[in-house]
Number of protein chains: 2
Amino acid sequence: MTPETSNPEMAQTLQGRKPVETSTGRATINDVARVAKVSVSTVSKVVNGRYGVAPATIAKVHQVINELGYETSLVASSLRSTRTNIIGILVAEFEPFSLELLNGISATLRGTQYDLMAYAGNLSPEGHAGWERRSLSRLGGTLIDGAIIVTPTVEIPHSSVPVISIDPHTGADMPISIDVDNYGGAYTATSHLLELGHRRIAHIRGREDLQSAHLREQGYRQALEDAGVEIEEQLVHHGDYQHEAAVLAAHDLLDLPHPPTAIFAANDLSALAALQVAGEHGLRIPEDLSIIGFDDIPAAAQSTPPLSTVRQPLHEMGAHAVKMLLGLLAGEEVESPGEFPAVLVPRKTTAAPDRG
Amino acid sequence: MTPETSNPEMAQTLQGRKPVETSTGRATINDVARVAKVSVSTVSKVVNGRYGVAPATIAKVHQVINELGYETSLVASSLRSTRTNIIGILVAEFEPFSLELLNGISATLRGTQYDLMAYAGNLSPEGHAGWERRSLSRLGGTLIDGAIIVTPTVEIPHSSVPVISIDPHTGADMPISIDVDNYGGAYTATSHLLELGHRRIAHIRGREDLQSAHLREQGYRQALEDAGVEIEEQLVHHGDYQHEAAVLAAHDLLDLPHPPTAIFAANDLSALAALQVAGEHGLRIPEDLSIIGFDDIPAAAQSTPPLSTVRQPLHEMGAHAVKMLLGLLAGEEVESPGEFPAVLVPRKTTAAPDRG
DNA sequence: ATGAAAGCGCTAACAA
DNA sequence: TTGTTAGCGCTTTCAT
């Protein structure tokens, strides 16, 4: 119960002009209170602009705050109060897809009262299923006022804070979510190849447990069917949205006795992998093989040749997520919007098949 | 002092199989302790794998944890203990530059014990000077074990956690920092223009209070001088690394009675602005005007025509920052590395001046 | 092997 | 107008 708990050396600092640091390198509200000779609650009131503090006291406290370089601890205050004015965005990792989204989210949040905290906590030893539940639970309710979860793979439990999910990969009982038209985008990509004159069009799949992958495959199949092209099952190859598997897939596909003239990969990462493998096979792109991806990540524009793809309007999707979340936070009713349109971005990896 | 503080409804849940939720939507260590009929300290020991708990107790506690979906609160535990295993990256905002860096940082952190938290807290009403100090103070010492600060503009105070700064824009007393060769990059960009045959080369400056801007201008001036080209001061125009000012600058420059045939902008954002203005002036790029930027942000590759620029190896710089920070965290001595090389990326906005 | 109790830095009733 | 007090959820001695 003795009040001399910490940093006794700063007891009479107001007269000495030199800036004061706490021994631990960080001033606490207690330090401020002691130096200013007021109670911690008074300091708290000043810091939070509450009514009922004498002007002279306010001035004194502010002076000490400046002297000590005091800044309220996010952690401590968030533990006690409900509002933190921080929006959390939870991602499995910071790859191009999340980064694009983050860009749109950040831009939309500018000028509002909210700060943005992006958290990637995929590093659990048990693999990464359920990262979203863990992260949300660890941050939710205290640190952040609301969350945007990117490509969650499992159901999000009803959490203590409002949640919006972007491009959820399960079909299930998600909270309010934002999605691209996976089916339509795949249909568009495949049709583009068809219109160029391709008939032997292969597909490298996405992760089997994710609904987006299924929808993209369905779009692909439907486009072929509508064009009256029979689907050869050996041209539909396993993949999982990652580089490794796509490299394998591309090898298998190109080693076929009668290889495809075009490949539609379920995402850009896979398409880029196929592009690389095609090069190793001595194939010229797009003369010998057309390749198209899905997502339009930044790297797609920078490959040689630049990758044709289908774009998810990630920027707009992020922006929309923010608007919905702010609505939720303001206590409004919000509804999931329809699917965002996927648009064809033809670059240099698609062309008519070489009839030579 | 009564132990029945919260969630009394989950008192006899072990027999009922259905999953239990707390009334507030989030189970706490107290809920677990009560349901498992042990003390909170025992639960804490189990969660953190401390010695001295009976196997049977461990099993029971784990079972309850699963039932309740309990997850330790980052906020609460970080308030009490020193280690959080979270690295913080502090940015003014999530723009392309920081995002690129984040990408490299994230990749390097993968597989380590650390999670990554990126925080953008520029939204203070007083403008954004000093955001780095505030953010660091708010998160440091408790939430994060170490920090990487991107383009800090003021001196970083000795903080309670290890700090690495990337591309600090002051020349001053920074903590360990990572930097690109601003001078050399600017020299390279200007030389590129010179070699193409340009003589009337304009420069749109960066923010005057930032050292990087001065170095880039010096590189520009030195390259001209070394080439024996006299500098016309009216061709060196104010800018501040932002779109707005660059638009103004480009207008002024192109409205000159004897306009430049080439522009070296202090960063890509400014160059892209110039590109846009040149279009409005009816100029063909690169026939009528060459433009080169600095940074190589993703948007640079996607403009029409794609922007020639000088690249900062942001990925490597981020990776290096992580390595140094991990070293610091492990108690090792680390030194600031030399400047990272800036490399010329000629794209389609630079060409020999049109002699027509 | 287990639990009681103190306290991390802060906010918010409530008293004075 | 100011201070006292009781926690937020957790970790950590220190008893038992």
Side-chain angles (χ1 to χ4, degrees), chain A residues 1-3 5-7 22 24-34 36-61 65 68 70-85 137-143 160, chain B residues 1-3 5-7 22 24-34 36-61 65 68 70-85 137-143 160:
Chain A
M1 283 292 171
T2 108
T5 324
S6 59
N7 306 333
T22 74
T24 62
R26 192 172 177 288
T28 74
I29 198 175
N30 271 293
D31 300 324
V32 175
R34 190 156 14 80
K37 301 194 201 310
V38 295
S39 72
V40 290
S41 47
T42 300
V43 176
S44 178
K45 281 169 197 157
V46 171
V47 168
N48 296 294
R50 300 269 177 277
Y51 292 111
V53 186
T57 311
I58 294 182
K60 184 168 55 171
V61 170
I65 285 177
L68 303 191
Y70 168 75
E71 206 67 50
T72 166
S73 159
L74 189 54
V75 167
S77 63
S78 81
L79 187 56
R80 200 61 178 84
S81 62
T82 31
R83 291 299 288 270
T84 58
N85 284 331
S137 197
R138 274 164 68 81
L139 305 189
T142 36
L143 229 205
S160 37
Chain B
M1 283 291 173
T2 108
T5 325
S6 60
N7 307 333
T22 75
T24 63
R26 193 171 178 289
T28 73
I29 198 173
N30 272 294
D31 300 323
V32 175
R34 188 156 13 78
K37 299 194 201 310
V38 295
S39 70
V40 290
S41 42
T42 300
V43 175
S44 176
K45 283 169 195 156
V46 170
V47 168
N48 296 292
R50 300 268 178 278
Y51 292 112
V53 186
T57 311
I58 294 181
K60 183 170 53 172
V61 171
I65 284 176
L68 303 191
Y70 168 75
E71 205 71 47
T72 168
S73 159
L74 191 53
V75 168
S77 62
S78 80
L79 188 57
R80 200 63 177 80
S81 60
T82 30
R83 289 300 288 269
T84 59
N85 284 330
S137 197
R138 274 166 67 82
L139 305 189
T142 37
L143 229 206
S160 38

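Only heavy atoms go into these numbers, but all of them, side chains included; no hydrogens, no water, no symmetry mates. Within every chain, numbering begins at 1; the chains are lettered A, B, ... in the order of the sequence lines, protein sequences first and strands thereafter.
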- Taken to the nearest whole Å, CG/Leu143(A) to P/dG9(C) is 17 Å
- Task: Report the distance from atom CG of Asn85(A) to atom C1' of dC10(C), rounded to the nearest whole Å.
- Result: 16 Å
- Message: Of the options dT11(C), dC10(C), dT11(D), whose atoms approach the side-chain atoms of Asn48(A) most closely?
- Response: dT11(C)
- Message: Applying a 4.0 Å non-hydrogen cut-off, can you work out what Ser78(A) is touching in the nucleic acid: base, sugar-phosphate, or nothing?
- Response: nothing
- Item | Nearest-angstrom distance from the residue atom CD of Glu71(B) to P of dG9(D) | 16 Å
- Item | Whole-Å distance separating the CG atom of Asn30(B) from the C1' atom of dA5(C) | 13 Å
- Dot-bracket summary - DNA chain D, pairs being Watson-Crick or G-U whose distances fall under 3.5 Å, with | when paired to another strand: ||||||||||||||||
- Item | Length of the OH-P vector between Tyr70(B) and dG9(D), whole Å | 10 Å
- Message: Is the phosphate of dT11(D) approached by Ser44(B) (side-chain N or O, under 4.0 Å from OP1 or OP2)?
- Response: yes
Polar atom pairs (N or O), protein with nucleotides 1-4 of chain C, under 3.5 Å:
residue	atom	partner	partner atom	Å
dT2(C)	OP1	Thr57(B)	OG1	2.6
dT2(C)	OP2	Ala54(B)	N	2.7
dT2(C)	OP2	Thr57(B)	OG1	3.2
dG3(C)	OP2	Ser39(B)	N	2.8
dG3(C)	OP2	Ser39(B)	OG	3.2
dG3(C)	OP2	Thr42(B)	OG1	3.0
dG3(C)	N7	Ser41(B)	OG	3.2
dG3(C)	O6	Lys45(B)	NZ	3.0
dA4(C)	N6	Ser41(B)	OG	3.1

- Check the distance between dC10(C)'s P and Arg138(B)'s CZ and give it to me in whole angstrom. 11 Å
- Task: Between dC10(D), dC8(D), dC10(C), spot the one nearest the side chain of Arg80(B), thanks.
- Result: dC10(D)
- Query: From the list dT11(D), dT11(C), dG9(D), which nucleotide is the closest neighbour of the side chain of Ser73(B)?
  - Reply: dG9(D)
- Gap between atoms CG and P, on Leu79(B) and dT11(D) respectively (whole Å): 11 Å
- OG (Ser73(B)) and CG (Leu143(A)) are apart, to the nearest 0.5 Å, by 7.5 Å
- Quick one: Arg50(A) CZ to dT1(D) C1', roughly how many Å, whole number? 16 Å
